[in-house]
Amino acid sequence: GMSVITPLTPTDAPEDIGLSSEVCEEVIHYMQSWIDTDRTPAAAIGLARQGWVLTRGFGMMTLEPDGAALPADAIFLVASVTKPVTCAAAALLLERGLIQLESPVHAIVPEFKGQGKEAITVHHLLTHTSGLPDMIPENMEYRKEFRPLDDFIKRICTVDLLFAPGTGISYQSTGIAMLGEIVKRITGTPLPEFLREEFFLPLGMNDTSLGNRHIDDSRIPTIRVPENQIDAEWHWNRAYWRGLGAPWGGMFTTVKDMNIFLQTFLNGGAYGDTRILTSETVTDMIADHTDSMPGIPDKAKKEQAWGLGWRLNRPAMVYGSTCPPTSRTFGHGGATGTMNWADPGTGLSCVLFTTQPEMHGSDEFQRITDMVAG
C-alpha cells in the first residue's frame, strides 16, 4: 500500500474537538489523580473529531520511581483492542470476495473440525457466537513453554465447544485467532504483515504493529503485572509475548494511531486520500449482527450486541453510564487496561490506554467516557 499522511491534526485546543476547556481540565485532573494515588503507573488519552486529535500522557514509562515521564505518543500493548483490527482484515477479504460470511471455517482450515466445529462460519468467529472457548485450556502452559502461534492454532482446531455454533454469545479469543489464520491461508501473508500493508502504512499509523517487529521497544511502557508473575518470562512485558503477535491481543499502538483507525471507521472507511474499506463494509462492521440471529436466546441479546469485531453500546451500555455516547457507539476494551470507542452520532472517538490491567472495564473508564461524551 501507498503511505499517505492522514489529515488528523494534533491540537491543544479542546474546542477543536467540541469539548469545553473546563471538561478538558476536569479529564486531565482526574487522570492525573490516578497517577497520584498509584491506581495506575501510566495512562494516555486521545480524543479525535472533525480532523483534530488531542492527546495527553500521564505517569511513568517504567515502574521505577525515577523513570522517564510517559509521553502522549507512548506505544502501548493494547491487548483485546487488537480484536476489531484483526476482524477488519477478515472484513477486507469479505469485501474482495475471497471469503463469505457463511463460509465454513473448516473449508478454509481443514484441520478445524470435530465436536461440531464443522458448523462454525466466518460470521460466527466475527460475532463471538461460535461456541469456542475464550482460550485453549493450556493457554498458560503454552505461554510458559514459549510456544509459537502455530501451536495455539493447532490446539484451537481440536478444542471442545461450549455450545452449538449460533446458539449463544460467548467471547472467544480463539475465534479471533482463527480469523488471523484464515487471512494467512487465503492471502499467503501473515496477519502482522497484512495489517501493516493494508491498514497501518496507508493510514500513516506508523507507531502501530501486531507484535513488536516494526516499533521501537524503548517506547513501550511497562505493564504492572500481578506480583506472582513479575519474574515469569512469558508475561506481557517479556520478549516472548511482545514478539508473538497474537491476533487476539498482541497489537501495539498509540492513542493517536488508534484514533486514526476509529476516525477512518466514522468516515466510512476513508481518511484523506486513503480508503482502506468500502463504506458498505464499514456500515456492516458497526451494525448489530447478534440481535437478528435466530438461534441466540433473548437473554443473551439483552446483555450484549456485537457487530463484526466491534462491541456495540446497546442494548446494555458498555461505554459510559450517566452521560453515555449514543447507542450506535462501537468500540472494545483490553485486559492490559485499555479501552476505545467511537460514536457515529457525534463523530467523537475516545482512546484510553493504561498500564494497569485492573483498569479494564473500570468505573474510571466509564467516568471518562461520561465526561467527554457529555
| message | Taking salt bridge (charged side-chain N to carboxylate O under 4.0 Å, His left out) as the definition, give me every residue that meets it alongside D284, ordered by chain and number, with sequence neighbours left out. | response | none

| note | Contacts satisfying ring-ring contact (aromatic ring centres under 6.0 Å, His included) that involve residues 15-61 (not counting sequence neighbours) are Y30-W34

| query | Hey, are E233 and K144 close enough for a salt bridge, meaning a charged N less than 4.0 Å from a carboxylate O? | reply | no

| query | Is there any ring-ring contact (aromatic ring centres under 6.0 Å, His included) pair reaching into residues 353-374, and which pairs are they, with sequence neighbours excluded? | reply | F76-F353

| field | side-chain hydrogen bond (donor to acceptor under 3.5 Å, both in side chains) involving T322 - partner list, sequence neighbours excluded | value | D370

| message | Going by the rule ring pair (Phe, Tyr, Trp, His ring centres under 6.0 Å), which residues pair with H123 if we only count those two or more places apart in sequence or in a different chain? | response | H289

| field | ring pair (Phe, Tyr, Trp, His ring centres under 6.0 Å) against W248, all qualifying residues, sequence neighbours excluded | value | F152

| message | Just to verify, what does F146 make a ring pair (Phe, Tyr, Trp, His ring centres under 6.0 Å) with, not counting sequence neighbours? | response | Y240

| What residues form a side-chain hydrogen bond (donor to acceptor under 3.5 Å, both in side chains) with T283, not counting sequence neighbours? | none

| Charged N-O contact under 4.0 Å between R185 and E111 | yes

| task | For D217, enumerate each residue passing the side-chain hydrogen bond (donor to acceptor under 3.5 Å, both in side chains) test, keeping only those at least two apart in sequence or located in another chain. | result | N212, R242

| remark: Scanning both residues in full, the closest heavy-atom pair of G374 with C323 reads CA-SG, 3.5 Å

| Considering all heavy atoms, the nearest T158-Q115 contact | O-OE1, 3.5 Å

| request: Assess whether ring pair (Phe, Tyr, Trp, His ring centres under 6.0 Å) is satisfied between W234 and Y142, documenting all intermediate values. | output: CA-CA 9 Å; W234 46 264; Y142 274 35; over 10 Å; no

| request: Using only heavy-atom distances, determine whether the side chains of D343 and T326 contain a donor-acceptor pair under 3.5 Å. | output: yes

| remark: Apart from W306 itself, members of its ILVMFWY cluster (side-chain separation under 4.5 Å) are I169, Y171, M293, I296

| query | If you draw a 6.0 Å radius around CG in D36, do more than 12 non-hydrogen atoms from other residues or ligands fall strictly inside? | reply | yes

| query | Would R238 and D231 pass as an ion pair if we require N to O under 4.0 Å? | reply | no

| task | Could you tell me which non-hydrogen atom of V183 sits nearest to which non-hydrogen atom of A90, and how far apart they are? | result | CG2-N, 4.2 Å

| field | Under the ring pair (Phe, Tyr, Trp, His ring centres under 6.0 Å) test, residues paired with F200 that sit two or more places apart | value | none

| field | salt bridge (Lys or Arg N to Asp or Glu O under 4.0 Å) pairs, two or more places apart, involving residues 66-95 | value | D73-R219

| When you look at NZ of K301, are more than 12 heavy atoms from neighbouring residues, nucleotides or ligands closer to it than 6.0 Å? | yes

| said: Taking D38 first and then R224, would you say they form a salt bridge - that is, a charged N and a carboxylate O separated by under 4.0 Å? | reply: yes

